[in-house]
Visitor: 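One structure, as structure tokens, below. Some questions next.
Owing to the predicted nature of the structure, the values given are computational and were not obtained by experimental measurement. These values consider heavy atoms only, across backbone and side chains, with no hydrogens, waters or symmetry-generated copies. Residue numbers start from 1 in every chain, and the chains themselves are labelled A, B, ... in the order their sequence lines are given, proteins ahead of strands.
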Amino acid sequence: MLEVSGLTTVFDLASGPAAAVDDVSFEVRAGETLGLVGESGSGKSVTALSIMRLVQPPGRIAGGRVRFKGRELLTLSERDIRAIRGAEIALIFQEPMTALNPVFTIGDQIAEALLVHGKATRREAASKVVELLEAVRIPDAAARARDYPHQLSGGMRQRVLIAMAIACKPSLVIADEPTTALDVTIQAEMLDLLREMKAAFNLSLLLITHDLGVIAETADRVAVMYAGRIVEHGPVRAIFRDPQHPYTRGLLRSMPGAADRGRLRAIDGTVPVLGAFPPGCAFHPRCPDRFEPCSTTPPSELRVGDAHAARCYLNDPSQVASRASRGSDHASPTTGRQSRTDGAR
Amino acid sequence: MALVDVSHLVKRFVRGGGLLRRGTTVNAVDDVSFAIDEGETFGLVGESGSGKTTTGRCLLRLIEPTAGSVTFRGEDVLALSRARMRLARRDMQIVFQDPYSSLNPRMRARQIVEEPLVIHGLGAKEARLERVAELFRLVGLDTAHLERYPHEFSGGQRQRIGLARALALNPSFLVLDEPVSALDVSVQAQVVNLLLDLQQQLKLTYLFIAHDLRLVEHISNRVAVMYLGKIVETGPTAALFASPQHPYTRALLSAIPVADPDAHKRRIVLDPASVNRAAPLREIAAGHWAAI
Ligand SMILES: Nc1ncnc2c1ncn2[C@@H]1O[C@H](COP(=O)(O)OP(=O)(O)OP(=O)(O)O)[C@@H](O)[C@H]1O
Ligand SMILES: Nc1ncnc2c1ncn2[C@@H]1O[C@H](COP(=O)(O)OP(=O)(O)OP(=O)(O)O)[C@@H](O)[C@H]1O
Ligand code: SF4
Ligand SMILES: [Mg+2]
Ligand SMILES: [Mg+2]
């Protein structure tokens, strides 16, 4: 369905070019949900925008390939990519208020999406709009279609965005933090709705979030992003049960609920900002397991299980062996496989 | 005796009123009562707009309640004169949600932390600076960064500055209004640990307002759940999470995303018709009350 490989998107900052998305590869298969998880500034939104070719200067796509249903999106003409946007790939943005135009009714905005892509005639549009609003369970849809965005609650606005996203029956929906600003009860409703729409319309979903709970409940496979790179990806069960990257392990351990009452197991340090990503493995200043090669050369992706890979030297037997023979500066040299028992420390 | 005792608190806002038109009134806080014991963490949860922030602000009289009473160490806070309130306020402080907008961008970190000492006329310049440095160390900030401006700090560090400022006057009670919501997941845990350490070290009492129910469950001794301006359920954290009684609490707890792909959960959808808004709180088990 969607195959991203080696995607690199650079921002030309005053201090020089900096890769916000650095050699990112993943695929979204037909009918599945890929969860893209990471902290603020890790490059999730820029990845989504790059796929849709919506990156604005000072940002630019510097390399890589994005294949969608066999077509290369990065070299398509502006006209062809516009025909795909909204119609075949829909994007649900982080902020519902900025994604809706305050001066048009929601009905007009959904109708516009249908008309632009020739999915309805002017005559059919009104009834299709009501159908779509009903599909996302907006009560009294015909009357609500005449409302302006500010007359709706946050949850209803988010439903309108989902209605707009599915209006043209796309095969892929990219949802960028679709529930972050919502109450947990409304968030749960939205996730149910997305799952329902996915089944009803046989959608593939790229779900972007920083909430591991949302990922666990919604994704089939997971990609973990840190400082512009995907540091681990694999089936959702493998990521939660058998994480192989120290950052993934740290994130899971730091959640309240992972520990008994009392102090949480925090990751030291702060999230790096673009332009000041550490060299080598960008996680090394915060990594409890770092050793010799980590601060100089970025590790490449290594297979750690079935359809499961991580970018960490702990999974490179030759590095671990040379570390053991050198005598490590750490109390207990661990391999990736062994160190997952660290949770008990 | 409870440290903070809130009883029948009401805050009404008038909205959209003009010269000729009567506005509509919103009962943001509608007959709310609870008590917080010394040294405990009392969690306040509920959906957006249910009145949590308004409650917290009324306790400190940052806004004036419409009715009800608040006592602090047995003293009626709402009846205090301006001068007495100034003194009382030293003992009760608030930390805001947003580490980006809650600090004055034109002040240096040192000035931000020092300001409460200046306002209350405490200490000579040198003693104040000594105290600011001490507070910096207490919250884990580097004293080399005293003269930096807020934008030169990360989100987690800014929240530490807000905390240092709140602690400057040696309060015993802190209202923490979503203190970590704006922070990155990996940094949230650091600030939570700091709050736990400070509580032990300084014997602090917390009113902890948050929408992250997993976090509230982790750090609170007791919890109250607000729905449309009222407390609909309150009790010891473990009991309330294990056996929620009010339909809203049940819906809320069942909606928490579980970070376990194999968890089998059943979501309970709230039927607003099942909520009897007039039902008074009644005790279901020791200390566990629900409005059903
Ligand atoms: N227009 C821009 N100019 C300069 N830098 C930018 C611009 N847009 C994004 N960036 C930078 O690119 C990096 C990645 O940003 P991105 O928005 O993809 O993060 P994210 O993972 O979506 O974070 P969040 O969880 O906060 O949404 C960040 O460091 C950000 O500051
Ligand atoms: N200054 C004000 N004027 C008018 N209405 C107000 C004012 N402050 C709050 N309200 C209203 O009072 C109600 C309670 O708001 P409050 O901020 O206490 O909710 P909250 O529980 O803290 O919500 P959130 O989780 O979104 O922070 C809301 O309906 C809000 O719109
Ligand atoms: S490569 Fe090194 S620094 Fe990076 S996560 Fe692995 S052990 Fe830690
Ligand atoms: Mg983003
Ligand atoms: Mg609030």
Side-chain angles (χ1 to χ4, degrees), chain A residues 35 37-42 153-155 179 181-189 191-192 209-220 222 226 235-241 247 250-273 283 286, chain B residues 41 45-50 140 153-157 180-197 200 210-221 227 237-238 241 248-265 267-270:
Chain A
V37 65
E39 294 179 278
S40 179
S42 57
S153 71
T179 61
L182 303 173
D183 279 326
V184 278
T185 48
I186 303 170
Q187 163 173 302
E189 237 172 77
L191 293 174
D192 279 354
T209 176
H210 61 259
D211 188 323
L212 290 160
V214 169
I215 290 278
E217 289 192 352
T218 320
D220 302 305
V222 183
Y226 188 82
V236 66
R237 242 170 228 94
I239 296 290
F240 280 83
R241 295 264 180 274
Y247 175 62
L251 272 186
L252 288 167
R253 270 189 224 150
S254 68
M255 293 181 65
D260 290 336
R261 276 186 67 91
R263 301 179 96 253
L264 297 170
R265 278 196 287 264
I267 304 178
D268 290 338
T270 56
V271 178
V273 296
F283 187 58
R286 309 177 71 189
Chain B
T41 297
V45 302
E47 68 183 354
S48 180
S50 59
F153 291 93
S154 72
Q157 289 173 324
V180 299
S181 306
L183 302 178
D184 272 307
V185 188
S186 72
V187 179
Q188 276 187 11
Q190 296 171 6
V191 176
V192 168
N193 285 344
L194 175 63
L195 289 169
L196 291 169
D197 293 346
Q200 282 229 314
H211 66 251
D212 183 343
L213 289 140
R214 287 169 296 203
L215 182 54
V216 171
E217 179 181 18
H218 184 84
I219 80 162
S220 309
N221 304 94
Y227 179 67
T237 306
F241 274 78
Y248 176 69
T249 316
R250 287 185 175 161
L252 184 68
L253 297 188
S254 79
I256 306 175
V258 182
D260 175 357
D262 294 312
H264 289 288
K265 42 173 258 186
R267 194 159 74 76
I268 301 165
V269 179
L270 177 68

Visitor: In terms of heavy-atom pairs under 4.5 Å, which option from V191(B), V187(B), L194(B), I219(B) contacts chain A the most?
Guide: I219(B)
Visitor: Quick check against the 3.5 Å criterion: does H218(B) have a side-chain atom that pairs as donor or acceptor with the backbone of G262(A)?
Guide: yes
Visitor: Could you tell me which of S220(B), S254(B), G46(B) has the largest number of non-hydrogen atom pairs under 4.5 Å with chain A?
Guide: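 Maximum pair count with chain A is reached by S220(B).
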Visitor: Holding to side-chain hydrogen bond (donor to acceptor under 3.5 Å, both in side chains), I want the full list of residues that pass it with Q157(B), two or more places apart in sequence or in another chain.
Guide: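 Partners of Q157(B) by the side-chain hydrogen bond (donor to acceptor under 3.5 Å, both in side chains) criterion, ordered by chain and then number, come out as S154(B).
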Visitor: So which atom in V185(B) and which in S254(A) form the shortest heavy-atom distance, rounded to 0.1 Å?
Guide: O-OG, 4.3 Å
Visitor: If you apply the rule salt bridge (charged side-chain N to carboxylate O under 4.0 Å, His left out), what do you find for D260(B) with R237(A), and how did you get there?
Guide: CA-CA 8 Å; D260(B) 175 357; R237(A) 242 170 228 94; over 6 Å; no
Visitor: Between V184(A) and A255(B), which heavy-atom pair has the shortest distance, and what is it?
Guide: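 The answer is O-CB, 3.6 Å.
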Visitor: So, D184(B) side chain and E39(A) main chain: donor-acceptor pair closer than 3.5 Å or not?
Guide: no
Visitor: Of the non-hydrogen atoms in A259(B) and F240(A), which two are nearest, and what is the gap between them?
Guide: O-CD2, 3.5 Å
Visitor: Measuring from L264(A):CG to S186(B):OG, what's the distance to the nearest 0.5 Å?
Guide: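 One finds 12.0 Å between CG of L264(A) and OG of S186(B).
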Visitor: Residues two or more places apart in sequence or in another chain: which of them pass side chain to side chain contact (heavy atoms under 4.5 Å, CB included) with L191(A)?
Guide: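 T179(A), Q187(A), R195(A), V214(A), T218(A).
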Visitor: Between L213(B), L270(B), D197(B), I256(B), who has the most heavy-atom pairs with chain A when the cutoff is under 4.5 Å?
Guide: D197(B)
Visitor: Looking at V258(B), L252(B), L215(B), V269(B), which makes the most heavy-atom pairs under 4.5 Å with chain A?
Guide: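 Maximum pair count with chain A is reached by V258(B).
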Visitor: For the pair R267(B) and D192(A), evaluate side chain to side chain contact (heavy atoms under 4.5 Å, CB included) and give the outcome as yes or no after the intermediate values.
Guide: CA-CA 10 Å; R267(B) 194 159 74 76; D192(A) 279 354; 2.6 Å; yes
Visitor: Just verifying a value: how many Å separate Q190(B) CD and D268(A) CG, rounded to the nearest 0.5 Å?
Guide: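 Output value for this atom pair is 6.5 Å.
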Visitor: Using a cut-off of under 4.5 Å for heavy-atom pairs, which of A263(B), S48(B), P257(B) has the most such pairs with chain A?
Guide: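 Sorted descending by pairs with chain A, the first entry is P257(B).
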Visitor: If you count heavy-atom pairs under 4.5 Å between each of T270(A), V271(A), V273(A) and chain B, which one has the most?
Guide: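 The option with the most such pairs is V271(A).
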Visitor: Distance from L196(B) atom CG to R263(A) atom CZ, nearest 0.5 Å?
Guide: 7.5 Å
